[in-house]
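Worksheet: the structure to be examined is printed underneath.
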There are 2 protein chains.
Amino acid sequence: MTDDISQKLSRMILEGELSAGEQLPTEQSLAESFGVARTVIREAISRLKHDGLVDSRQGVGAFIAEPSARSAFRISPACFEKRQKLLEILQLRTGITSEAAGLAAVHRTDADLQFMDTAYDSMERSLSGGDAAAEKHVLAERSFYQRIAEASGNQYILEFLSMLDTRIDMELRSVAMKNARVTEWSAEVLAEHKAVLEAIRAQDETAASQAVRYHYSLAAQRLADRADLADT
Amino acid sequence: MTDDISQKLSRMILEGELSAGEQLPTEQSLAESFGVARTVIREAISRLKHDGLVDSRQGVGAFIAEPSARSAFRISPACFEKRQKLLEILQLRTGITSEAAGLAAVHRTDADLQFMDTAYDSMERSLSGGDAAAEKHVLAERSFYQRIAEASGNQYILEFLSMLDTRIDMELRSVAMKNARVTEWSAEVLAEHKAVLEAIRAQDETAASQAVRYHYSLAAQRLADRADLADT
DNA sequence: TAAAAACAGGTTGTCAGACAACAAGAGGAC
DNA sequence: GTCCTCTTGTTGTCTGACAACCTGTTTTTA
């Protein structure tokens with residue numbers, strides 16, 4: 001129940017229904033209007049405070065914080081259904097992943113490379129087959145780029161990409177998305193991944209970064225060309 | 001008080017003192033060991049749940065979640081004191097900002113450019129002077145890159161960079177950091193920003209992205225050369 | 001008259017206790 | 001041996017209370 005309320009409140013704030021500096025209703029009135037006890041409201045507001053969405057002062061009240069005061073980054077589930085939002089998430093991922101690949105090219109060890117080879121082989125092997133192979137391919141692809149993130153030696157990049165992939169996996173299990181992923185399941189796309197792998201093997205920072213960028217630009221193109229996603 | 005406890009618990013989890021799948025102590029025992037009421041513990045755990053750090057089941061208990069289940073990205077304040085962590089944050093920022101600049105080069109409007117020019121002029125004007133000018137320069141620089149993020153047309157990039165800059169501003173107000181920033185306050189560094197601006201003006205995606213990457217690689221170098229930061 | 005002090009009301013922060021909802025295991029009935 | 005019930009423990013929610021704190025008002029005092 002507290003999940004619902006914190007989600008509703010944060011949506012109100014993020015959508016701009018409540019503007020910065022404005023005062024929230026008191027905990028008691030919120031409890032009454034939501035039909036729950038004050039403890040539940042408190043837990044919800046506590047979450048908002050932790051994310052830097054609101055700021056409360058004892059004896060006064062809780063106020064909407066400045067947008068510049070956010071202390072956490074999260075992607076709301078609703079964003080995965082709109083094509084435009086999906087493309088923007090893809091762009092965000094492009095920036096981080098290309099940076100990760102460049103760093104991986106520099107810092108990779110032979111062990112890192114071996115892990116990447118294994119993941120790549122798994123992608124290659126699951127190139128033909130039924131749904132099971134497609135599922136396997138998705139997992140292998142995720143593993144491939146996670147290995148790259150690990151090889152970058154940057155903890156934050158690893159955490160961020162891991163979080164992003166998890167969110168995408170969680171939310172994009174709809175049928176439309178399963179289909180969208182099939183378009184990423186071809187020999188042509190595999191060649192794009194191969195270019196990344198070889199650039200990292202050759203320890204060519206620029207080439208690795210560029211190869212990732214190239215892959216994602218084509219992936220964005222493929223996503224934009226699809227007709228089965230809502231545009232609103 | 002709930003801030004402290006949630007921070008302590010999340011640190012325990014992130015540092016790996018508690019491994020995934022492990023069960024947390026019961027709320028009652030946590031309340032006793034921390035010397036607070038159960039409501040405080042509940043608010044703290046509620047935050048951890050929201051971040052995907054723990055997962056609780058009614059009637060059973062709360063368990064440490066898999067690292068892949070994280071649903072939010074945040075940077076702990078402690079990370080700003082170690083040079084290595086600072087460099088990693090800089091790398092993260094490099095990836096996003098270079099992506100933002102590339103997108104801005106493509107999507108920028110004349111109004112966007114005008115804002116960037118204003119911010120750049122402000123940087124240029126505050127190149128000489130006392131501490132006030134240095135402070136002004138920092139603000140102008142932040143504004144400059146924020147304009148770029150806005151011009152990218154990508155909401156997530158804007159939010160992410162804004163969050164990152166806020167965190168950096170909040171945490172790096174120490175003396176050591178003030179000094180570190182002075183090294184970014186020179187005509188040479190300004191020229192690096194100028195290159196970014198001109199590439200965006202010319203709508204040259206690759207050049208803009210490269211210019212950002214170049215600036216940050218030199219900034220990382222300058223940071224690495226500094227001797228007044230702890231290495232642990 | 002003006003400043004200072006006490007008061008009153010409201011809000012958040014914390015505490016204590018209780019009960020409902022739920023899960024897992026123990027023990028007995030068949 | 002299998003099923004059922006019972007017990008126990010934990011989380012989720014509710015309720016009431018009080019402390020800590022802020023704000024505006026009123027009263028007192030210089």
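- Here the shortest heavy-atom pairing between B:Arg70 and A:Met163 reads O-CG, 3.4 Å.
- One atom, CZ of B:Phe63, and another, C1' of C:dC22, lie 13 Å apart when rounded to the nearest Å.
- Of the charged side-chain nitrogens involved, at least one lies within less than 4.0 Å of a carboxylate oxygen, so that A:Arg74 and B:Asp51 count as a salt-bridged pair.
- Comparing B:Arg38 and B:Thr26, the nucleotide of DNA chain D nearest to each residue sits closer to the 5' end for B:Thr26.
- Ring orientation note: the planes of B:Phe73 and B:Phe160 are tilted relative to one another, at an angle of 30° to 60°.
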Check nucleotides 23-26 of chain D against the protein and report each pair of N or O atoms closer than 3.5 Å, with its distance, or say if there are none.
none

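- One can place CD of A:Glu27 at 14 Å from C1' of D:dA20, the figure rounded to the nearest angstrom.
- For the side-chain hydrogen bond (donor to acceptor under 3.5 Å, both in side chains) with B:Arg38, the lone residue among B:Glu32, B:Glu27, B:Glu43 that qualifies is B:Glu27.
- B:Gln28 places its CD atom 14 Å from the C1' atom of C:dC19, with the value rounded to the nearest Å.
- Put simply, A:Ser56 has no side-chain N or O that comes within less than 4.0 Å of OP1 or OP2 on C:dT11.
- Under 3.5 Å, the side chains of B:Asp121 and B:Thr118 contain no donor-acceptor pair of N or O atoms.
- Atom C1' of nucleotide D:dG9 and atom CD of B:Gln23 are separated by 11 Å, given to the nearest angstrom.
- Of the N and O atoms on the side chains of A:Lys49 and A:Ser56, at least one donor lies less than 3.5 Å from an acceptor on the other residue.
- Closest to the side chain of B:Gln58, out of D:dT13, C:dA21, D:dA20, is C:dA21.
- Counting only N and O atoms by type, the side chains of A:Arg167 and A:Ser162 include no donor and acceptor under 3.5 Å apart.
- Atom P of nucleotide C:dC15 and atom CG of B:Leu30 are separated by 14 Å, given to the nearest angstrom.
- Ion pair A:Asp3/A:Arg47 flagged as a salt bridge, since at least one NZ, NE, NH1 or NH2 atom sits closer than 4.0 Å to an Asp/Glu carboxylate oxygen.
- Proximity of residues 39-50 of chain A to DNA chain C (heavy atom under 4.0 angstrom from any strand atom) is restricted to A:Arg42, A:Lys49.
- Contact detail for A:Ser10 and A:Leu48: the closest heavy-atom pair is CB-CD2, 3.7 Å.
- Rounded to a whole Å, the CE atom of A:Met1 is 13 Å from the C1' atom of D:dT11.
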